[in-house]
Novice: 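One structure coming up, written as structure tokens, with questions to follow.
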Protein chains: 2
Amino acid sequence: MALLRLEMNDNLYLRDPQDTELGRKIITQSICMIEEMGLEQFTFKKLSVEIESTEASIYRYFENKHRLLVYLIAWYWNWLEYKIEYETNNVVDPQERLAIAVRLVGEKKVADPMFPSVDEVALQRIVINESDKTYHTKQVDEDNKEGLFRGFKSLCKRIAVIVLEINPDYLYAHTLISTMLEASHQQVFFAEHLPSLTEHKAADGRVHSENIVFLLEMIRKTIG
Amino acid sequence: MALLRLEMNDNLYLRDPQDTELGRKIITQSICMIEEMGLEQFTFKKLSVEIESTEASIYRYFENKHRLLVYLIAWYWNWLEYKIEYETNNVVDPQERLAIAVRLVGEKKVADPMFPSVDEVALQRIVINESDKTYHTKQVDEDNKEGLFRGFKSLCKRIAVIVLEINPDYLYAHTLISTMLEASHQQVFFAEHLPSLTEHKAADGRVHSENIVFLLEMIRKTIG
DNA sequence: TCAACAATAATAGTATTACTATCATTAAAG
DNA sequence: CTTTAATGATAGTAATACTATTATTGTTGA
């Protein structure tokens, strides 16, 4: 199987981590550590110890840990969009394409052999736990100008377009889809930590399948 | 007009800030500062300078700045629930009660003279920008056990009950309402900072009214 | 009226974090 | 085989998130 590389916005990094051994180690190990200890406990110092490198070297790849997080999350959305594109290709019925997209967004991910340096399972957990922190900052607007959130916006648009194909008169396609994208991880978090906020059950992977049903039904009924 | 005091969970603070002059100054000034500079830039040191007190004194009220944020957000949800209770009292039609609740959740807030030490306008901005940070931490579960999120959960339940009155067979009442509560501030944030994610327009207070229309319609159609 | 008690102020100090800077070493490319 | 790019080693800084100690003030109630 040929190895792919997702095209990432230049501004996400100082030096492209996909280019070097050290870069890939940064990605692999940071995913592992952020998932385990959470973003706040994670530091470049700790990471440098794990990968047997130095803080200074990591700083040559990413300006700071926020940028690294944004990179990881952006990678996830790019990957998801690629998968959606791939799996909806040649599917003519927009209802069916919508169902595929929602399933791909909501399902529990498994490792993708196409990208051996990325643990997609752990990365999805990071998205569930930390992704909102990428834009809830004082510098959102500058970060946005630099295109750091293009992945998420592009994914939202792609699904919104399907919605508009189904019902061209629906006024809130992007609003609805960004709401559902957020709910796709928020509800998993709620099921695990604040279960009274949702009917979904965290046990096994039930949350994901229940959530897919919920989200798809919500979209279909809402757009009529 | 009689001054009220919202009943807050004891675990939210070390010493009740509503009891003392200094406590109220902490609340008033921290709302102002967090809104202005964002949670990350905000520190107890800076706050102590503004209120002409000391870090140590503030630490006698709140364990740390995260707890202070949780307190403020909890206050907001308690306040909202109180308003909903008040305004839906004696309204028999559940559809009408739902509409009132969604309007109160989504509308742009104005200062409530009942609580002079709280700037509700600024506090709503904090909810929009920072509220997700209250639970996206490693200690969610302990915090939740201490009841720190009771306000939000209680509000969610109250509206979910209305949904179930309208359609007792709907399976995802809490899921849908927690989704809509999140969307109620997320969409405002998007309109202001990532406008391609939403049809809502940030100009004036349009986001709020457009969002109310969107959210109510989404709920109504989804529950059938 | 005074004692004692609670709240706060003043001050200092610590460990950790999030960097920045400098210079030495290694590895790869021309 | 030399130049240069990447990395390593090491050091240092300002800010943060606290904790601790002692002094001062203001209130209460005996």
Novice: Could you check how far CG of D16(A) sits from P of dA5(D), rounded to whole Å?
Specialist: 18 Å
Novice: Round to a whole Å and report the spacing from CE of M33(B) to P of dT16(D).
Specialist: 11 Å
Novice: Which word best sums up how the rings of Y135(A) and F189(B) line up, parallel for under 30°, tilted for 30 to 60°, or perpendicular for over 60°?
Specialist: tilted
Novice: So what does K45(A) hit on the nucleic acid, given a heavy-atom distance under 4.0 Å: a base, only sugar-phosphate, or nothing?
Specialist: nothing
Novice: Do the ring planes of W75(A) and F115(A) sit parallel (below 30°), tilted (30 to 60°) or perpendicular (above 60°)?
Specialist: perpendicular
Novice: Salt bridge or not between E120(B) and K83(B)? Use side-chain N to carboxylate O under 4.0 Å.
Specialist: no
Novice: What is the per-nucleotide protein-contact pattern of nucleotides 9-15 of chain C, from the 5' end, where B denotes a base atom under 4.0 Å from a protein heavy atom, S denotes such proximity for sugar-phosphate atoms only, and - denotes neither?
Specialist: BB-----
Novice: To the nearest Å, give me how far apart CD (E40(B)) and C1' (dA18(C)) are.
Specialist: 14 Å
Novice: Would you say K133(A) has more than 12 foreign heavy atoms packed within less than 6.0 Å of its NZ?
Specialist: yes
Novice: Rounded to whole angstrom units, what separation is found between the CD atom of E63(A) and the P atom of dT17(C)?
Specialist: 21 Å
Novice: If the plane angle is over 60° it's perpendicular, under 30° parallel, otherwise tilted; pick one for W77(B) and H185(B).
Specialist: tilted
Novice: OP1 or OP2 of dA6(C) versus the side-chain N and O atoms of R15(B): is any pair under 4.0 Å?
Specialist: no
Novice: To the nearest Å, give me how far apart CG (D19(A)) and P (dT7(D)) are.
Specialist: 10 Å
Novice: R67(B) vs E146(B), test: salt bridge (charged side-chain N to carboxylate O under 4.0 Å, His left out). Steps then yes/no.
Specialist: CA-CA 12 Å; R67(B) 287 280 167 136; E146(B) 289 189 47; 3.2 Å; yes
Novice: Using whole Å, report how far CD of Q41(B) lies from P of dA18(C).
Specialist: 13 Å
Novice: Rounding to an integer number of Å, can you tell me how far H66(A) NE2 sits from dT17(C) C1'?
Specialist: 17 Å
Novice: Base, sugar-phosphate, or nothing: which does F62(B) touch, judged by heavy atoms less than 4.0 Å apart?
Specialist: nothing
Novice: Within the structure provided, determine whether M37(A) and K138(B) are in side-chain contact (heavy-atom separation under 4.5 Å).
Specialist: no
Novice: Check the side chains of Y76(A) and S131(A) for a donor-acceptor pair under 3.5 angstrom, ignoring hydrogens and angles.
Specialist: no
Novice: Nearest whole Å is fine: how far is dT19(D) P from I58(B) CD1?
Specialist: 14 Å
Novice: By nearest nucleotide on DNA chain C, pick out whichever of F44(A) and E21(B) is the more 5' one.
Specialist: E21(B)
Novice: Between dT20(C), dT17(C), dA17(D), which nucleotide has the shortest distance from any of its atoms to the side chain of Y59(A)?
Specialist: dT20(C)
Novice: Judged by modelled atom types alone, do S48(B) and E55(B) share a side-chain donor-acceptor pair under 3.5 Å?
Specialist: no
Novice: To 10°, what angle do the rotation axes through the five end pairs on each side of the helix from dT1(C)-dA30(D) to dG30(C)-dC1(D) form?
Specialist: 10°
